[in-house]
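Inspection log for the structure reproduced underneath, given as structure tokens.
FYI, the numbering just counts along the sequence from 1. Just so you know, ligand 1 is whichever comes first in the structure, and atom 1 is the first atom listed for that ligand.
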Amino acid sequence: MKTRITELFEIEHPIIQGGMHFVGFAELAAAVSNAGGLGLITGLTLGTPEKLAKEIARCHERTDKPFGVNLTFLPSLTPPDYPGMVKAIIDGGVKIVETAGRNPEQVLPPLKAAGVTVIHKCTSVRHSLKAQSIGCDAVSVDGFECGGHPGEDDVPNFILLPRAAEELTIPFVASGGMADGRSLVAALAFGADGINMGTRFIATKEAPVHQRVKEALVAATELDTRLIMRPLRNTERVMRNPAVERLLEKEKALGANLQFSDIIEEVAGVYPKIMLEGDMEAGAWSCGMVAGLIHDIPTVKELIDRIMAEAESIIRRRLVGIVGA
Ligand SMILES: Cc1cc2nc3c(=O)[nH]c(=O)nc-3n(C[C@H](O)[C@H](O)[C@H](O)COP(=O)(O)O)c2cc1C
């Protein structure tokens with residue numbers, strides 16, 4: 001399959017693995033790239049330019065296909081060394097960066113000067129247009145269904161993707177709720193050039209997370225996510241568990257008076273405990289509604305091959321069958 005995204009990133013299949021905190025290590029990024037998609041290391045998880053440089057080297061050892069690094073900008077009192085991370089990316093020979101969280105204007109000049117292709121992930125048409133106007137090469141359009149931060153507009157992909165197609169001239173991928181060949185065909189029908197998946201890639205053999213996280217995704221349904229931190233305008237879609245229910249009770253009780261410090265126990269520093277140790281009730285972890293479509297734990301290659309075969313079959317048999325050859 002050839003789309004503007006496969007051409008832009010020089011990959012075989014139009015499937016990207018979005019940056020994921022404490023999931024997007026070299027093992028997963030390389031597996032996705034080796035299977036013909038685009039794998040991404042999550043820069044923020046590594047935390048320092050030195051550790052990121054080591055992770056990039058580990059990824060180079062595992063694949064000679066293109067892979068990228070996700071740079072997420074989060075509100076923080078002590079922001080990480082972003083210029084240092086940009087340098088580690090460039091020095092490490094990485095040619096693709098996914099930015100997210102806020103306007104990536106500050107990192108574009110050095111990245112562009114080094115010939116790095118930048119895809120910006122955002123949750124609205126207006127932010128997509130902004131990304132296009134400041135020189136991003138592509139956009140990842142993240143609908144309300146997505147795991148992680150869906151923004152505050154709550155526009156699902158059935159509306160968001162065709163709206164993005166109406167306005168954008170640069171290539172874009174559909175993100176949020178993508179799981180299988182049906183998702184890919186639907187995304188292409190809406191005008192996207194491929195898909196970006198987060199949650200689905202966690203339930204794969206190579207994802208370097210505890211087996212209990214993968215099993216929780218297989219067991220979950222589309223009804224098992226919750227939105228947290230809405231009163232702080234930092235909404236996050238997470239898997240429901242007792243810690244999340246506790247957090248939501250605090251949000252309800254405190255209303256507009258809620259401060260980040262009130263919920264710190266449920267959200268700060270919980271990722272290593274959940275992802276690496278499998279302590280599934282340690283706190284809130286990002287998860288998309290797409291959990292309802294996850295029924296197994298294949299290898300990354302099995303997953304990607306299956307998506308491509310299913311998409312082709314839907315297009316060649318079901319769709320052509322409906323309209324007539
Ligand atoms: C566990 C988890 C952690 C994530 N961490 C990040 C992150 O650090 N930076 C980022 O840009 N996106 C992050 N995301 C969002 C994904 O990259 C992707 O946009 C999202 O998962 C797409 O929706 P889906 O889960 O329905 O596929 C995370 C998602 C999950 C499920």
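- Using a 4.0 Å cut-off between heavy atoms, Met289 makes no contact with ligand 1 at all.
- For the pair His21 and ligand 1, the shortest N or O to N or O distance falls below 3.5 Å.
- The side chain to side chain contact (heavy atoms under 4.5 Å, CB included) with Cys136 is formed by just one residue from the set Leu111, Ile119, Leu108; it is Leu108.
- Of the polar atoms of Asp142, at least one N or O is found under 3.5 Å from an N or O of ligand 1, judged by distance alone.
- With hydrogens left out, the protein atom closest to atom 22 (C) of ligand 1 is Ser175 OG, 3.4 Å, a heavy atom.
- A side chain to side chain contact (heavy atoms under 4.5 Å, CB included) with Thr99 is found for one member of Val107, Val69, Thr72 and no other, namely Val107.
- Heavy atoms of Cys146 found under 4.0 angstrom from ligand 1 belong to the backbone as well as the side chain.
- The N/O atoms of Cys287, backbone and side chain alike, include none that comes under 3.5 Å of an N/O atom in ligand 1.
- The closest side-chain donor-acceptor pair between Gln132 and Thr169 falls under 3.5 angstrom.
- Contacts between Lys121 and ligand 1 below 4.0 angstrom, taking non-hydrogen atoms only, involve the side chain exclusively.
- When the options Ser140, Gly147, Gly18 are ranked by their closest heavy atom to atom 15 (C) of ligand 1, first place goes to Gly147.
- At the top of the distance list for atom 30 (C) of ligand 1, counting protein heavy atoms only, stands Ser286 CB, 3.5 Å.
- Lys214 contributes no side-chain N or O that, together with a main-chain N or O of Ile297, makes up a donor-acceptor pair within less than 3.5 Å.
- The shortest N/O to N/O separation between Tyr271 and ligand 1 does not fall below 3.5 Å.
- Considering backbone and side-chain atoms together, Gly19 places an N or O closer than 3.5 Å to an N or O of ligand 1.
- Of all the heavy atoms of Thr72, the ones lying under 4.0 Å from any atom of ligand 1 belong exclusively to the side chain.
- When heavy-atom distances to ligand 1 are checked against a 4.0 Å cut-off, Asn70 comes that close only through its side chain, counted from C-beta outward.
- Figure legend: Arg237 and Phe144 shown as a cation-pi pair, the cationic atom lying under 6.0 angstrom from the six-membered ring centre and within 45 degrees of its axis.
- One side chain, Ser175 or Asn196, offers a donor N or O that lies under 3.5 Å from an acceptor on the other.
- Remark: the backbone N or O of Ile274 is not paired with any side-chain donor or acceptor of Glu277 at under 3.5 angstrom.
- Of the polar atoms of Glu98, none of the N or O atoms is found under 3.5 Å from an N or O of ligand 1, judged by distance alone.
- For Gly177, a nitrogen or oxygen atom sits less than 3.5 Å from a nitrogen or oxygen atom of ligand 1, counting backbone and side chain alike.
- Tyr82 and Phe73 have tilted rings, their planes meeting at an angle from 30° to 60° on a 0 to 90° scale.
- Scanning all protein heavy atoms for the shortest distance to atom 27 (O) of ligand 1 gives Gly198 N, 2.9 Å.
- Checked by atom type and distance alone, the side chain of His60 pairs as donor or acceptor with a backbone atom of Gly92 at under 3.5 Å.
- The shortest N/O to N/O separation between Thr199 and ligand 1 falls below 3.5 Å.
- The protein heavy atom nearest to atom 4 (C) of ligand 1 is Met20 CA, 3.4 Å.
- Looking at Asp262, its side chain does come within 3.5 Å of a backbone N or O of Gln259 through a donor-acceptor pair.
- Between the side chain of Thr42 and the backbone N or O of Met20 there is at least one donor-acceptor pair closer than 3.5 Å.
- The proximity of Thr42 to ligand 1, defined as any non-hydrogen pair under 4.0 Å, is limited to the side chain.
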